[in-house]
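Worksheet: the structure to be examined is printed underneath.
What you are looking at is a predicted structure, and each value in this text was computed from that prediction instead of being measured.
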There are 2 protein chains.
Amino acid sequence: MPRAGLSPGAVVDAALAVIDERGPEALTLAAVAARTGVATPSLYVHVRNLAELRRLVAQRVLTEMAERLGAAVMGRGRDEAVAALFHAWRAYVLAHPARYAAVPAQPRTDPEVAAAAAGLMEVVLAVLRGYGLTGSDAIHAARRLRATAHGFAALEAAGGFGLPEDLDTSYQQVIDMVVASLRGTAAAT
Amino acid sequence: MPRAGLSPGAVVDAALAVIDERGPEALTLAAVAARTGVATPSLYVHVRNLAELRRLVAQRVLTEMAERLGAAVMGRGRDEAVAALFHAWRAYVLAHPARYAAVPAQPRTDPEVAAAAAGLMEVVLAVLRGYGLTGSDAIHAARRLRATAHGFAALEAAGGFGLPEDLDTSYQQVIDMVVASLRGTAAAT
DNA sequence: CAAGTGATCCTAATGGCGTTAGGTTTTGTC
DNA sequence: GACAAAACCTAACGCCATTAGGATCACTTG
């Protein structure tokens with residue numbers, strides 16, 4: 001019997017695969033064990049328990065998003081950067097809806113997850129700096145941006161938009177709304 | 001041995017109490033049974049299974065929200081109605097964060113849950129009518145509003161706003177942002 | 001008022017999952 | 001080539017959802 005050669009990272013990979021294929025509720029240690037060709041208790045060598053695996057998944061997803069969004073806004077400024085940020089956000093959610101849905105189930109109180117979320121926040125704040133926003137103004141603006149992007153993403157990932165109206169159009173209007181609010185609050189340019 | 005005198009509604013009541021006290025993940029048939037003073041299998045007389053109980057909970061919460069938000073916007077119009085809608089939305093979430101978090105776990109595909117969500121949508125559309133928005137314009141505007149209110153609510157309910165900046169201020173800015181966007185898209189007044 | 005009927009509730013039992021305990025085998029190292 | 005650490009296994013426990021089938025309560029009907 002050869003070894004599976006697992007590692008914490010590989011377990012998280014398998015967990016993401018399970019989530020992508022069968023949804024966040026289907027993430028069980030049994031499912032991950034089956035996928036990695038290992039008995040369930042063997043997973044405890046690599047992760048403390050199911051709760052930690054969920055935590056690691058959330059961390060991975062947030063990190064992945066921060067990377068992609070960071071790359072998307074690179075070399076762009078102001079309105080263009082905001083649009084790029086929003087489009088990259090939605091693109092990630094559409095590519096991995098179940099993965100995105102798996103994150104909010106996590107308590108943000110956890111330090112590791114919080115750190116990953118902070119990485120995403122960093123990208124948002126970087127974009128806002130282009131509007132001359134710093135300090136408290138930037139925080140409030142970042143919350144507007146996050147709430148808006150996350151709200152749309154969460155609803156879309158959950159199939160919350162029933163009607164046939166074009167979602168791209170709705171999203172563009174969301175972006176315009178946020179951009180206008182950033183211009184209004186922004187320091188003089 | 002006297003009877004517990006349960007009913008589907010009473011079971012949902014107990015489920016909500018469990019959720020309020022111990023979070024959405026703590027909603028188990030065993031917990032509800034313990035709270036209602038009944039053996040677990042007895043619950044199957046009133047609800048088909050755990051999935052249906054979750055569905056009923058989501059339905060109840062959405063209906064409850066539609067009622068409160070509907071009451072809040074009554075007698076108000078335009079910007080004032082939007083502000084009232086947003087404040088009532090957030091007030092509900094702050095009063096019952098766990099309850100709010102229990103909803104999105106549900107598949108919106110379910111007809112009964114969808115109907116309850118439609119009730120909420122009705123309130124939003126009624127407010128938008130005050131801006132002369134109808135048809136597709138109203139749908140897009142309603143999505144902006146829902147995404148924004150839900151996004152902020154979801155993040156706040158999950159403790160997603162870590163920083164100490166005042167959340168009331170952030171929320172007021174969110175409301176201003178949405179109001180401005182509604183004015184912009186609105187038909188001539 | 002007594003008998004019957006249907007619904008409510010129970011205990012018993014099954015299977016899946018998370019988790020712990022303790023043994024075995026593989027892998028890398030001296 | 002032996003030894004030590006780690007990866008992996010089987011066995012076992014408890015909790016939960018769910019089903020099956022029996023007992024008991026409450027209401028209706030003759």
Side-chain angles (χ1 to χ4, degrees), chain A residues 1-60 98 101-103 105-107 110 112-113, chain B residues 1-60 98 101-103 105-107 110 112-113:
Chain A
M1 242 179 271
R3 291 233 164 148
L6 285 185
S7 68
V11 173
V12 174
D13 289 341
L16 287 173
V18 170
I19 289 172
D20 285 342
E21 286 173 17
R22 293 162 36 203
E25 340 72 49
L27 176 59
T28 65
L29 289 178
V32 171
R35 169 172 287 270
T36 52
V38 134
T40 307
S42 304
L43 295 175
Y44 285 79
V45 174
H46 308 288
V47 295
R48 201 197 329 266
N49 51 30
L50 177 59
E52 186 183 66
L53 179 55
R54 290 216 187 96
R55 207 165 54 66
L56 291 172
V57 165
Q59 196 180 330
R60 175 83 141 262
V103 173
Q106 275 315 295
D110 182 89
E112 315 244 11
V113 176
Chain B
M1 243 178 271
R3 294 244 159 140
L6 285 185
S7 67
V11 173
V12 174
D13 289 341
L16 287 173
V18 170
I19 289 173
D20 285 342
E21 287 174 16
R22 293 162 37 205
E25 340 71 49
L27 176 59
T28 65
L29 289 178
V32 172
R35 168 172 286 270
T36 53
V38 134
T40 307
S42 304
L43 295 174
Y44 285 80
V45 174
H46 307 287
V47 295
R48 202 196 330 263
N49 50 31
L50 177 60
E52 187 184 66
L53 179 55
R54 291 215 188 95
R55 207 165 52 67
L56 290 171
V57 165
Q59 196 180 330
R60 175 83 139 260
V103 173
Q106 275 313 296
D110 182 90
E112 315 244 11
V113 176

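Heavy-atom minimum distance, A:Ala98 versus A:Gly23: CB-CA, 4.1 Å. Residue B:Tyr44 comes nearest to B:Leu29 through the heavy atom pair OH-CD1, 3.3 Å, listed as atom of the first residue, atom of the second, then distance.
Put simply, B:His46 has a side-chain N or O that comes within less than 4.0 Å of OP1 or OP2 on C:dC9. Remark: A:Ser42 is in phosphate contact with D:dC9, judged by side-chain N or O atoms under 4.0 Å from OP1 or OP2.
Rounding to whole angstrom units, CD of residue B:Glu52 and C1' of D:dA17 are separated by 15 Å. A straight line from CG of B:Leu6 to C1' of D:dC25 spans 14 Å, rounded to a whole angstrom. To the nearest angstrom, P of D:dC15 lies 18 Å from CG of A:Leu50. In this entry the distance linking OH of B:Tyr44 with C1' of D:dT19 reads 9 Å, nearest Å. Computed from coordinates, the A:Leu43 CG to C:dG18 P distance equals 9 Å when rounded to whole Å. Rounded to whole Å, atom P of D:dA17 lies 17 Å from atom CZ of B:Arg48. Spacing between atom CG of B:Asn49 and atom P of C:dG16 amounts to 17 Å, rounded to whole angstrom units.
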Derivation and outcome, side chain to side chain contact (heavy atoms under 4.5 Å, CB included), residues A:Glu52 and A:Leu56: CA-CA 6 Å; A:Glu52 186 183 66; A:Leu56 291 172; 4.2 Å; yes
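Distances were taken from every side-chain heavy atom of B:Val38 (C-beta onward) to each of D:dT18, C:dC10, C:dG18; the shortest belongs to C:dC10.
Counting heavy atoms from C-beta on, the side chains of A:Val32 and A:Val47 never come closer than 4.5 Å.
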